[in-house]
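Down below is the structure, laid out as structure tokens.
By convention in this document, chain letters (A, B, ...) are assigned in the order of the sequence lines, proteins followed by strands, and residues within each chain are numbered from 1. Computed from a predicted model, the values in this text were never measured in an experiment.
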Number of protein chains: 4
Amino acid sequence: MPRKTSPKVRPPASSPRPRRKAPAPRAEQIVAAAFEEFSAHGFAATRLDDVARRAGVAKGTIYLHFKNKEILFQAVVRSLIRPLIEEFGGFARGSEGSAEDLLGQFLSRMYAEVVRSPEVRGILRLLIAESRNFPQVAEIYRREVIEPGLAAFRLVLDKGCASGEFRRTRARDFPQILIAPAIAAVVWMLVVGKRQPLDLDAYFSAHLEFVLRGLKASPRSPEAAGPRSDES
Amino acid sequence: MPRKTSPKVRPPASSPRPRRKAPAPRAEQIVAAAFEEFSAHGFAATRLDDVARRAGVAKGTIYLHFKNKEILFQAVVRSLIRPLIEEFGGFARGSEGSAEDLLGQFLSRMYAEVVRSPEVRGILRLLIAESRNFPQVAEIYRREVIEPGLAAFRLVLDKGCASGEFRRTRARDFPQILIAPAIAAVVWMLVVGKRQPLDLDAYFSAHLEFVLRGLKASPRSPEAAGPRSDES
Amino acid sequence: MPRKTSPKVRPPASSPRPRRKAPAPRAEQIVAAAFEEFSAHGFAATRLDDVARRAGVAKGTIYLHFKNKEILFQAVVRSLIRPLIEEFGGFARGSEGSAEDLLGQFLSRMYAEVVRSPEVRGILRLLIAESRNFPQVAEIYRREVIEPGLAAFRLVLDKGCASGEFRRTRARDFPQILIAPAIAAVVWMLVVGKRQPLDLDAYFSAHLEFVLRGLKASPRSPEAAGPRSDES
Amino acid sequence: MPRKTSPKVRPPASSPRPRRKAPAPRAEQIVAAAFEEFSAHGFAATRLDDVARRAGVAKGTIYLHFKNKEILFQAVVRSLIRPLIEEFGGFARGSEGSAEDLLGQFLSRMYAEVVRSPEVRGILRLLIAESRNFPQVAEIYRREVIEPGLAAFRLVLDKGCASGEFRRTRARDFPQILIAPAIAAVVWMLVVGKRQPLDLDAYFSAHLEFVLRGLKASPRSPEAAGPRSDES
DNA sequence: TATGAATGAGTTTTCATTCAT
DNA sequence: TATGAATGAAAACTCATTCAT
């Protein structure tokens, strides 16, 4: 629960400073509104007029905080990538438990924080749609989210192999393959989700089952997980 | 252009024009050019000026063939969906061989015709980017490509289960899960492929290995593939 | 009467070509209208809306011919500099007559073509006002108009000195000094001409008288103009 | 306390502020900054934002001292005209010396205070550029600077004619003609001075020589023009 | 007085669409 | 059919001016 600490913890309120830090509250409103619009219509089809209206500010105010539409767009994507960075960039910590448990946790969080989050799906839509027009943004995403995430996932796989829980597979080199069903779910929801919703609980469970079945060493051949390759 | 000039198109021979019906050759040029532009920049950011230039026609000419930009867009997407429909909608035929072979063929064609095709990746980008703005188009795609494709894939799975090659898994209800790595590969290529290309041969092989490992019944426990479900 | 030829003179109309050459007639309209506006209000205060209205075209039409306001401005100044270039760049020809005659002709034409021309005064206002913002334009003007003009004027002075008509003065190095009254007249007209018009005939005559008096060698001492310089 | 020295000077003594009247020090900063900007970019292209930054005050502060941009502009021009008024409006005093000396002084001061002063050149640029948009300002300038200046200059000419130093010329009616080279020098510096600087010492000397040669009467006083008389 | 964030009317610029040829 | 200049509505962007603090 990486939520902000409970609101009651704030100082007694006797303090004469009504808003203490408030890191550019207007800019945040604008970014939030812009995200809605961008993710609904894409970069080019979004009107800053609408962004302003949604943010409850005048059109000119946007330009007070962001040089132009493109800079605003980048600010939006960056601000939304940040939680993902924290989520997956720092996954290494939960090293307790069996590899299977870890893998389940990883995927479970992936569904909770990515697949089930309309916001994150929106970012992904933007990234896919605009990566050609904004390669810098795609590059940030790759470096800050994808690579750390894949590395963390690879760690889990290696741990499982080392402990004998998992057998070695080529998928170790392409962890994407094990995560792919989550990506596919996002794509599905983005493209046809409105018409044909996905039962995410069942889908997740099928995903997990399949991944584990593909990974787990056969109980009867414990030696399979040893240095000997069980791949022909 | 992997269009197959249908052999039945015998020209009337009386007419000096070899092309019989030739649905507006100019229109096809325009659609081809429009696809390039749309898939590079998205719907809103595409200028008909550029489409016209690329097609080698005047701007006004576009309007002789397409009522407006939106109609042109739909024509583009439809024209590009057609090969996919033929590819996956009618996959049922190749029913020869073991289920494993069929599955391999299916995935193999998926990589050849979808993942490796810049054009098809372009359509997918468009679908993901514009599905909110053009739900009709997404719906056509769903009905004509996705559903038939999934149905065909399900057939293969069922055949494998029936023959005892595969065991029953929850993935039967979500064939997406088995295809997902191909989808994920497309997304990868769209977003970060320029910076970090994917070794598609190795990826495909890992994908196939993983799917088969997850599906195949253990040779030692033939009963696993029986009517009895080994999944709770 | 350099007016457009009387409307009745138009060809018999039997010719099937209504407008033959018409070198971008719209662009010329626009440049003409833009000149009016720019010279009345300066670059920044001119609205392209007004230019369009004055030219009788739609606002977008301007952008069909000129990339943006700045390019239009440069086109305006260049198009208006051209007649000046022809006028003063090629002054060398009128080499007939005494140096005094030539000088009189030069100045006379300067008044007729520059001082008395509201258009040219307008250009000068623009050049002075905007030379800091558009140094390229000022540079063209310097190279194509000022330098050739000064060179031509210097030729006249040298001819007069060689023939003994004029004596050598330091003004030979600064022909500007002899032309200056015309420049000052333009400035006068630009700044206070509305309130206090200048009697240009009398002014010109005083200018000419003064220049000749300053230049002409004393009739009694013809040797003064000889090879012996009385200027240090 | 027999007598109170000048009644207005006595400071309240209670206030520790030494500056007596100090007409809004902030306003002066603003006017100074505004002059820089106006003279660099003209009225319309000047941003009050830049003026404020240059003056080291907040944008709103400008409005505490000047109703709006136009009023500020007029304040700028007026404040800069004042020194000119004092300079040329009151030139009559220096009536000592020969007319030639006076004329030399006049021109010399003109070069020192006008031609060589970037600030004054800046005002002239503004006057020329904006006189159409701000006729009141041009009118003030005409009344307060030009007319008194010309009158003073005329006085010198008349004095020279009366004493027999100068002969009468038509230039008496257009003293502008004799001052014109200084005006032309300013224009030169404004338009092409960056690319092609003017040797002001030599230019001034040529100017003075030419004016004197045109003015001085010499038939009867051969000694007037140096050792040898080349004037008839 | 002083501040500077916010405003919104006013401009520039773009581009889908039309239409005379 | 084909052209491409012209259009004008719509969008991005600017900046003088205001106002709560």
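Side-chain polar atoms of C/Arg132 and D/Ser39 form no donor-acceptor pair below 3.5 angstrom.
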Would you give me the side-chain donor-acceptor pairs under 3.5 Å for residues 133-140 of chain A, sequence neighbours excluded?
residue  : atom : partner  : partner atom : Å
A/Asn133 : ND2  : A/Glu130 : OE1          : 3.1
A/Glu139 : OE1  : A/Arg142 : NE           : 3.0
A/Glu139 : OE2  : A/Arg142 : NH2          : 2.8

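Between the CG atom of B/Leu72 and the P atom of E/dT17 there is a distance of 10 Å, given to the nearest Å. For the pair C/Arg47 CZ and F/dT14 P, the interatomic distance rounds to 19 Å; values are reported in whole Å. Across the protein-nucleic acid pair, A/Asp49 atom CG and F/dA12 atom P stand 7 Å apart, rounded to whole Å. Put simply, CZ on A/Arg53 is 14 Å from P on E/dT7, counting in whole angstrom units. Protein atom CZ of C/Phe66 is 14 Å distant from nucleotide atom P of F/dA5, rounded to whole Å. In this entry the distance linking CD1 of C/Ile71 with P of E/dT12 reads 15 Å, nearest Å. In this structure, B/Glu28 atom CD and F/dT1 atom P are separated by 14 Å, rounded to whole Å. As rounded to whole Å, 13 Å separates atom P of E/dT14 from atom CD1 of C/Ile62.
A gap of 22 Å separates the P atoms of E/dT1 and F/dT21, to the nearest Å.
Checking D/Gly60 against C/Ala58, the closest nucleotide of DNA chain F that is more toward the 5' end is the one next to C/Ala58. Mapping D/Leu64 and B/Leu48 onto DNA chain E via the closest heavy atom, the residue that lands nearer the 5' end is D/Leu64. Mapping C/Glu70 and B/Asn68 onto DNA chain E via the closest heavy atom, the residue that lands nearer the 5' end is C/Glu70.
Taking the side chain as every heavy atom from C-beta outward, A/Tyr141 and A/Ile123 never approach each other to under 4.5 Å.
Listed pair B/Tyr63 / E/dT17 meets the phosphate criterion, a side-chain N or O lying under 4.0 Å from OP1 or OP2. In this structure, D/His65 does not reach the E/dT1 phosphate: none of its side-chain N or O atoms is under 4.0 Å from OP1 or OP2. Of the side-chain N and O atoms in B/Arg26, none sit less than 4.0 angstrom from OP1 or OP2 of F/dT1. Distances shorter than 4.0 Å separate some side-chain N or O of D/Lys69 from OP1 or OP2 on F/dA16.
Interatomic distance, D/Gln29 CD to D/Ile62 CD1, rounded to the nearest 0.5 Å: 11.0 Å. In this structure, the separation between CD1 on D/Ile71 and CZ on D/Phe66 is 10.0 Å, given to the nearest 0.5 Å. One distance of note links CG of B/Leu126 with CZ of B/Phe73; it measures 4.5 Å at 0.5 Å rounding. The distance from the NZ atom of C/Lys59 to the OG1 atom of C/Thr61 is 11.0 Å, given to the nearest 0.5 Å. Distance CG/A/Leu80 to CG/A/Leu124: 10.5 Å, rounded to 0.5 Å. Taken to the nearest 0.5 Å, the NE2 atom of B/His41 stands 7.0 Å off from the CG atom of B/Asp50.
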Could you spell out the base pairing of DNA chain E in dot-bracket, with Watson-Crick or G-U pairs whose two distances are under 3.5 Å, [ ] crossing and | to another strand? .||||||||||||||||||||
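For D/Lys59 against E/dT3, no side-chain N or O and base N or O form a donor-acceptor pair under 3.5 Å.
Contacts of residues 32-46 of chain D with DNA chain E (heavy atom under 4.0 Å): none.
Between the side chain of A/Lys69 and the backbone N or O of A/Phe43 there is at least one donor-acceptor pair closer than 3.5 Å.
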